[in-house]
Asks: 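Quick one: the structure is below, questions incoming.
Every number for a ligand or one of its atoms is a count from 1 in the order of the listing. Just so we're clear, the structure is a prediction, and the values are computed from it rather than from any experiment. The chain is numbered in sequence order, starting from 1.
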Amino acid sequence: MSRRRFLQLIAGLLAGSTVTPLPAASVKRIVVVGAGIAGLTAAQTLHQQGHSVTVVEARDRLGGRLWTSNRWQQMPVDLGASWIHGAKDNPLSALADQIKATRLTTRYDNTLTYNSQGKPLSDAETRELERWQQRIDTALESAQSANQDQSVQAAVHKALGWDSLTVREHQLAQFIFNSTLEQEYAGGIHELSAYWYDAAAAFRGDDTLFSKGYQVITEHLASGLDVKLQHTVQKLEWSNPQVSIQTDRGELQADHAIITLPLGVLKTGQVAFSPPLPARKQTAIDTLGMGTLNKCYLRFPTAFWPDDQDWLEYIPTEPGAWTEWVSLQRVAGWSVLLGFNAAERGKRIEQWSDAQIVADAMQTLRTLFGNAIPDPLDYQITRWNADPFARGAYSFNSIGSTPDMRDHLAERLGNTVFFAGEATERKHFSSVHGAYLSGLRAAQQILDLNKG
Ligand SMILES: Cc1cc2nc3c(=O)[nH]c(=O)nc-3n(C[C@H](O)[C@H](O)[C@H](O)COP(=O)(O)OP(=O)(O)OC[C@H]3O[C@@H](n4cnc5c(N)ncnc54)[C@H](O)[C@@H]3O)c2cc1C
């Protein structure tokens with residue numbers, strides 16, 4: 001898409017939902033599968049250009065992996081994405097400005113790291129951790145110029161002489177693997193490609209979150225759209241010039257369809273394509289990774305942790321167990337802690353009951369802040385991997401995958417079926433802004449096709 005055209009489309013979305021009428025013969029029937037941000041962005045863009053758009057969504061709500069919970073009065077918390085990552089020049093910041101959405105900035109320099117005994121790191125311990133971080137960074141840099149791809153784990157284990165390290169050294173290194181790699185990319189280090197794990201581009205600037213939650217964006221993008229909730233797509237029959245979309249509540253016919261199914265859902269094959277998907281798209285689906293990141297919000301009567309910090313980190317004895325916490329006290333004034341579990345550990349604890357997860361989290365918090373701290377007043381827990389309409393949190397570049405595979409995933413099927421969604425973005429996969437850009441791209445493809 002040309003930069004000029006792209007800016008025009010964004011300007012359209014920013015201006016609100018004014019619909020440009022088209023002559024009846026030029027109006028196309030378009031079905032968008034999925035009411036996440038990719039689907040809503042594509043649908044709103046095409047709707048504004050005068051096309052007849054229907055969005056079909058399996059869930060009983062909008063947003064997909066954007067999901068603001070309003071269970072706690074005056075404390076809307078995001079169970080899916082929270083942040084605009086890199087707010088400067090990020091297209092989502094422009095959208096948020098337009099709807100005057102208040103944002104809060106969490107800062108990584110407001111981070112306190114605790115050792116395995118629950119004490120804040122001493123200066124000597126901080127320097128030791130920095131040395132390990134440097135060794136790991138060097139190992140990963142050299143893995144990126146090696147002759148062959150390997151997993152991040154294979155690369156760092158070899159470079160660090162893993163088998164000769166002490167238990168404590170293992171804990172330090174595993175903390176770095178989890179806090180800087182697995183929590184960010186959602187894949188385990190044994191799955192992440194050493195060549196491509198960090199291939200996504202980033203916007204500059206702070207990470208900001210919405211004081212009323214990401215719902216403000218999804219609601220804005222959905223305004224005026226025909227969205228059919230609780231319609232699960234089961235099969236797509238595509239052959240030029242028509243596409244038939246079969247749902248559990250009937251069939252829709254369209255000139256074009258835009259598929260925004262999460263990579264995790266595409267991997268299960270629960271939506272059938274007839275004719276089958278081309279081989280290289282199927283290979284991309286099979287090879288790219290779908291990661292796990294789960295959240296556990298705990299609400300307390302008052303903050304018992306350092307309330308000037310945004311991030312609390314912990315070097316656990318069990319790899320990946322509650323290494324990262326966000327405090328909402330400083331930014332929002334809420335006595336709420338958000339604990340994360342990513343990759344293998346994130347997947348594993350989905351099998352536990354809520355009570356087990358909360359007890360496990362509280363054990364860590366008692367290690368950090370003492371046995372006298374109160375139990376939470378309430379909690380909210382996610383299980384993104386088990387979610388049938390997500391099957392994971394977001395995509396990552398797994399060993400064996402290449403950036404080209406993202407393009408293959410994005411490739412259209414003739415003039416009929418188009419693809420969007422975070423995983424289809426070569427440069428901005430795994431993010432909300434990537435999904436948003438992919439929605440604009442798919443809408444533009446349809447507009448280009450129907451020009452004149
Ligand atoms: C816990 C977590 C934290 C995250 N944190 C951040 C963050 O802070 N910042 C950031 O930039 N990104 C973050 N992300 C990633 C971000 O949320 C996603 O990249 C983005 O929301 C994906 O949007 P999408 O439109 O591509 O997919 P989705 O939002 O998943 O939309 C796809 C839609 O398709 C629907 N669907 C699935 N199957 C069917 C079917 N058979 N029929 C009909 N509909 C179907 C789904 O219900 C869904 O609504 C996070 C994700 C998670 C899970």
Asks: With no hydrogens and no angle check, do the side chains of Q174 and N178 hold a donor and an acceptor under 3.5 Å apart?
Replies: no

Asks: In this structure, does ligand 1 have an atom that sits under 4.0 Å from one of the heavy atoms of S82?
Replies: yes

Asks: W325 vs W322 aromatic rings, parallel, tilted or perpendicular, using cut-offs 30° and 60°?
Replies: parallel

Asks: Return yes if a side-chain donor-acceptor contact under 3.5 Å exists between Q356 and D360, otherwise no.
Replies: no

Asks: Indicate yes or no: does an N/O atom of A58 lie under 3.5 Å from an N/O atom of ligand 1?
Replies: yes

Asks: Nearest to atom 3 (C) of ligand 1, what protein heavy atom do you find, and at what distance?
Replies: G80 O, 3.4 Å

Asks: Set out, in order, the CA-CA distance, both residues' side-chain angles and the distance that settles ring-ring contact (aromatic ring centres under 6.0 Å, His included) for Y114 and Y314, then state yes or no.
Replies: CA-CA 5 Å; Y114 294 80; Y314 168 55; 7.9 Å; no

Asks: In ligand 1, which numbered atoms sit nearer than 4.0 Å to a non-hydrogen atom of G36?
Replies: 25 (O), 29 (O), 31 (O), 33 (C), 49 (O)

Asks: Provide the number and element of each atom of ligand 1 under 4.0 Å from a heavy atom of V271.
Replies: 41 (N)

Asks: Decide if atom CD of Q363 counts as having more than 12 heavy atoms of other residues, nucleotides or ligands within a radius under 6.0 Å.
Replies: no

Asks: What pairs with S438 under side-chain hydrogen bond (donor to acceptor under 3.5 Å, both in side chains), at least two apart in sequence or on another chain?
Replies: none

Asks: Which residue and non-hydrogen atom of the protein lie closest to atom 38 (N) of ligand 1, and at what distance in Å?
Replies: L261 CD2, 3.3 Å

Asks: Please check whether R59 reaches ligand 1 - meaning an N/O of the residue sits under 3.5 Å from an N/O of the ligand, judged on distance alone.
Replies: yes

Asks: What residue and heavy atom of the protein are closest to atom 15 (C) of ligand 1, and at what distance?
Replies: S430 O, 3.5 Å

Asks: Yes or no on side chain to side chain donor-acceptor pair (under 3.5 Å) for N294 and T382, after CA distance, side-chain angles and deciding distance?
Replies: CA-CA 6 Å; N294 276 311; T382 67; 2.7 Å; yes

Asks: Which is it for Y394 and ligand 1 at heavy atoms under 4.0 Å: side chain, backbone, both or neither?
Replies: side chain

Asks: Go through ligand 1 atom by atom and flag the ones less than 4.0 Å from a non-hydrogen atom of G63.
Replies: 29 (O)

Asks: Does ligand 1 have any atom sitting under 4.0 Å from a heavy atom of L293?
Replies: yes

Asks: Taking atom 18 (C) of ligand 1 as the point of reference, which of A42, G434, S431, A81 owns the nearest heavy atom?
Replies: S431

Asks: Which word best sums up how the rings of H433 and H428 line up, parallel for under 30°, tilted for 30 to 60°, or perpendicular for over 60°?
Replies: perpendicular

Asks: Under 3.5 Å between any N/O of T260 and any N/O of ligand 1: does that happen in this structure?
Replies: no

Asks: For ligand 1, which is the ligand I care about here, please tell me if H433 has any N or O atom under 3.5 Å from one of the ligand's N or O atoms.
Replies: no

Asks: Please identify which atoms of ligand 1 are closer than 4.0 Å to at least one heavy atom of G64.
Replies: 29 (O), 48 (C), 49 (O)

Asks: What atoms of ligand 1 come within less than 4.0 Å of a heavy atom belonging to G421?
Replies: 26 (O)

Asks: Which protein non-hydrogen atom lies closest to atom 25 (O) of ligand 1, naming both residue and atom, and how far is it?
Replies: A38 N, 2.9 Å

Asks: Which heavy atom of A194 sits nearest to which heavy atom of A155, and what is that distance?
Replies: CB-CB, 4.4 Å

Asks: When you measure from atom 49 (O) of ligand 1 to every protein heavy atom, which one gives the shortest distance, and what is it?
Replies: E57 OE1, 2.5 Å

Asks: Do E422 and S395 have side-chain N/O donor and acceptor atoms under 3.5 Å apart?
Replies: yes

Asks: If I apply the N/O under 3.5 Å rule, does I37 come out as touching ligand 1?
Replies: yes

Asks: Identify, with sequence neighbours excluded, every residue that meets side-chain contact (heavy atoms from CB on, under 4.5 Å) alongside R412.
Replies: N415, F418, Q445, L449

Asks: Between H256, H51, Q49, which is the residue that forms a side-chain hydrogen bond (donor to acceptor under 3.5 Å, both in side chains) with N450?
Replies: H256

Asks: Ignoring angles and geometry beyond distance, decide whether V432 reaches within less than 3.5 Å of ligand 1 through its nitrogen or oxygen atoms.
Replies: yes

Asks: For H231 and ligand 1, answer yes if some heavy atom of the residue is under 4.0 Å from a ligand atom, otherwise no.
Replies: yes

Asks: So which protein heavy atom does atom 27 (O) of ligand 1 come closest to, and at what separation?
Replies: R65 NH2, 3.0 Å

Asks: Taking atom types as modelled, is there a side-chain donor on T106 or R330 under 3.5 Å from an acceptor on the other?
Replies: no

Asks: Does the residue S438 have a heavy-atom contact with ligand 1, meaning some pair of atoms that are separated by less than 4.0 Å?
Replies: no

Asks: Would you mind running through ligand 1 and noting each atom that sits below 4.0 Å from a heavy atom of W384?
Replies: 1 (C), 53 (C)

Asks: Report yes or no: does a heavy atom of L79 sit under 4.0 Å from some atom of ligand 1?
Replies: yes

Asks: Side chain, backbone, both or neither: which part of L62 comes within less than 4.0 Å of ligand 1 when only heavy atoms are counted?
Replies: neither

Asks: What's the verdict on salt bridge (Lys or Arg N to Asp or Glu O under 4.0 Å) for K267 and D286, showing C-alpha distance, side-chain angles and the deciding distance?
Replies: CA-CA 6 Å; K267 275 180 183 291; D286 296 340; 6.0 Å; no

Asks: Polar contacts were defined as any N/O atom of the residue lying under 3.5 Å from an N/O atom of the ligand; does this apply to A435 and ligand 1?
Replies: no

Asks: Verify side chain to side chain donor-acceptor pair (under 3.5 Å) between S244 and E237, making sure each step is shown before the conclusion.
Replies: CA-CA 5 Å; S244 132; E237 278 181 17; 4.7 Å; no

Asks: Does an N or O from T232, backbone or side chain, lie closer than 3.5 Å to an N or O of ligand 1?
Replies: no

Asks: Could you go step by step and tell me if W311 and Y108 meet the ring-ring contact (aromatic ring centres under 6.0 Å, His included) rule?
Replies: CA-CA 7 Å; W311 288 88; Y108 291 109; 5.4 Å; yes

Asks: What do we get for H85 next to ligand 1 when only non-hydrogen atoms under 4.0 Å count, side chain, backbone, both or neither?
Replies: side chain

